[in-house]
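Input: a single structure, listed below in structure tokens.
Just so we're on the same page: letters track the sequence lines, and every chain starts at 1. Side-chain atoms are counted along with the backbone in the values below, which use heavy atoms only and exclude waters and symmetry mates.
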There are 2 protein chains.
Amino acid sequence: MSGTRLDSIDRKILAELQADGRMTNVELAKRVGISAPPCLRRVRTLEDAGYIRGYHAEVDARELGFEVQVFAMVGLQSQAESDLSTFEERCRGWSLVRECHMLNGEVDFILKCVAPDLSTFQTFLTQDLLKADNVASVKTSLVIRGAKDEPGVPFDILENRLTRDA
Amino acid sequence: MSGTRLDSIDRKILAELQADGRMTNVELAKRVGISAPPCLRRVRTLEDAGYIRGYHAEVDARELGFEVQVFAMVGLQSQAESDLSTFEERCRGWSLVRECHMLNGEVDFILKCVAPDLSTFQTFLTQDLLKADNVASVKTSLVIRGAKDEPGVPFDILENRLTRDA
DNA sequence: TTGATGGCGAAATATTATTGCGCGTGTCTG
DNA sequence: CAGACACGCGCAATAATATTTCGCCATCAA
């Protein structure tokens, strides 16, 4: 399944679809240098193998009224596995929390949150996050502005590293 | 242009396309309860108005060999606007840096980085980031595991807040 | 050499996107 | 209060795209 290695065409496909997930299969085929049918087969294979997890429209949060973006560093009282996963489960249930990553170091978790305004976030912070079981400390930092926001894979590096094989 | 307010159908469209950016227009139309032609027109309008910035395949970084994910908190020596934007420009040029946000508080920037392995990241850290002009301090935290990663807009909250109008 | 395997591309078919047009609804205006 | 207008819908027709089918060629192993 995921044991199959990717060749340079597969990587091009992934790079193109990461950049434009709604590209037509004909267009994609043209760009990667093969015809449409095998191109579509490769895409399906990449999807099935889990290289492509899904497709998403990038929606402008600000235009929709989500003006505020906040990073929250969370420290827990207990780092027992069951307590960690309990907290993670909580995070998954909070709509304002868009990302939750467990970290090494002094802080246990970093959360990326969005909110329509500061008071909404403050309410969430005091009523939900700080009151959650096992939460010892929360330090928040407001995002003043974004300079770069391109989640995903740096395919330029991939090509350099793999020029040897395939 | 973006002065036009969205009705509940528009919001449904955005929510659906955020969840599945490759949904066919017929399927989308069915889900939001209108026929295909007006649905497509709405999508185009939303794109042109900037509500939809683009479409992207979600690629599994781990499968592609990017095992390491790191948050880096960066402090600068000077917070003069020109120095800030110089640093931001640098970040845009670094492939390993996928996100760069300016923060309030003690730290000036938070960077989300990916790398194939720890040594690649360490090389980047010491050779590039720490050597960059104006960088005063960098604290890094390795991501141990991800509990939630859904960049985007929490449409469930949007609906609750807007049930009044439209 | 020969048979099996895998991937390609041309052609045919099924889906989907897109355009053009007439209809109904709500609003503004005389 | 009627009529003109603007807006957005949906039907039907057309264009583009996706998807299947099938035969060909290269590679590899026996």
Side-chain angles (χ1 to χ4, degrees), chain A residues 1-60 63-64 155 158-159 162-166, chain B residues 1-60 63-64 155 158-159 162-166:
Chain A
M1 180 176 295
S2 66
T4 51
R5 195 106 208 93
L6 304 182
D7 64 11
S8 101
I9 294 182
D10 289 319
R11 291 195 294 273
K12 271 188 211 163
I13 289 176
L14 291 175
E16 293 289 349
L17 288 181
Q18 178 174 277
D20 178 4
R22 269 209 121 155
M23 187 179 302
T24 306
N25 182 55
V26 255
E27 173 67 17
L28 179 61
K30 197 181 306 171
R31 294 203 189 187
V32 304
I34 58 179
S35 69
C39 184
L40 187 60
R41 281 192 291 261
R42 279 168 180 265
V43 172
R44 293 284 177 264
T45 302
L46 290 169
E47 289 169 355
D48 294 343
Y51 288 98
I52 298 177
R53 288 194 182 180
Y55 301 87
H56 308 282
E58 182 188 349
V59 175
D60 190 316
E63 288 283 334
L64 283 173
F155 281 99
L158 239 194
E159 285 308 319
L162 299 181
T163 311
R164 315 156 194 162
D165 49 58
Chain B
M1 180 177 293
S2 68
T4 50
R5 198 101 209 98
L6 304 182
D7 63 12
S8 100
I9 293 182
D10 289 318
R11 292 195 293 274
K12 271 187 211 161
I13 289 176
L14 291 174
E16 292 289 349
L17 287 181
Q18 178 173 277
D20 178 4
R22 272 208 118 155
M23 189 180 299
T24 64
N25 183 57
V26 254
E27 173 66 18
L28 179 61
K30 196 182 308 173
R31 295 203 188 187
V32 303
I34 58 179
S35 69
C39 184
L40 188 59
R41 283 191 289 262
R42 278 168 181 265
V43 172
R44 295 283 176 262
T45 303
L46 291 169
E47 289 168 354
D48 294 344
Y51 288 98
I52 297 177
R53 288 194 182 182
Y55 301 88
H56 307 282
E58 181 188 351
V59 175
D60 189 316
E63 287 282 334
L64 283 171
F155 281 98
L158 239 192
E159 285 309 317
L162 299 181
T163 311
R164 315 153 192 164
D165 50 60

[X] [atom1] to [N] [atom2], straight-line distance once rounded to whole Å:
X: A:E27; N: C:dT16; atom1: CD; atom2: P; result: 21 Å
X: B:L28; N: C:dA17; atom1: CG; atom2: C1'; result: 13 Å
X: B:L40; N: D:dT17; atom1: CG; atom2: C1'; result: 14 Å
X: A:M23; N: C:dT16; atom1: CE; atom2: P; result: 21 Å
X: B:I9; N: D:dC7; atom1: CD1; atom2: C1'; result: 14 Å
X: A:N25; N: D:dT20; atom1: CG; atom2: C1'; result: 13 Å
X: A:K30; N: C:dG9; atom1: NZ; atom2: P; result: 14 Å

Checking the side chain of B:T24 only, and the main-chain atoms of B:E27 only, is there a donor and an acceptor separated by less than 3.5 Å?
yes

Check side chain to side chain donor-acceptor pair (under 3.5 Å) between A:E16 and all other residues, then give those that pass, not counting sequence neighbours.
A:R31

Starting at the 5' end of DNA chain D, which residue's closest nucleotide do you reach first, B:S35 or A:T24?
B:S35

Between A:R22 and A:I34, which has a closest nucleotide on DNA chain C that is more 5'?
A:I34

Under 4.0 Å: is that the gap between some side-chain N or O of B:R42 and OP1 or OP2 of D:dC9?
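B:R42 to D:dC9 OP1/OP2: side-chain N or O found under 4.0 Å.
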
Short side-chain N/O contact from A:R41 to OP1 or OP2 of C:dC8, under 4.0 Å:
no

What residue among B:R22, B:Q18, B:E47 forms side-chain hydrogen bond (donor to acceptor under 3.5 Å, both in side chains) with B:Y55?
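The residue from B:R22, B:Q18, B:E47 that satisfies side-chain hydrogen bond (donor to acceptor under 3.5 Å, both in side chains) with B:Y55 turns out to be B:E47.
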
For the pair B:D7 and B:R42, find out whether any cationic side-chain nitrogen is under 4.0 Å from an anionic carboxylate oxygen.
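Yes, this pair counts.
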
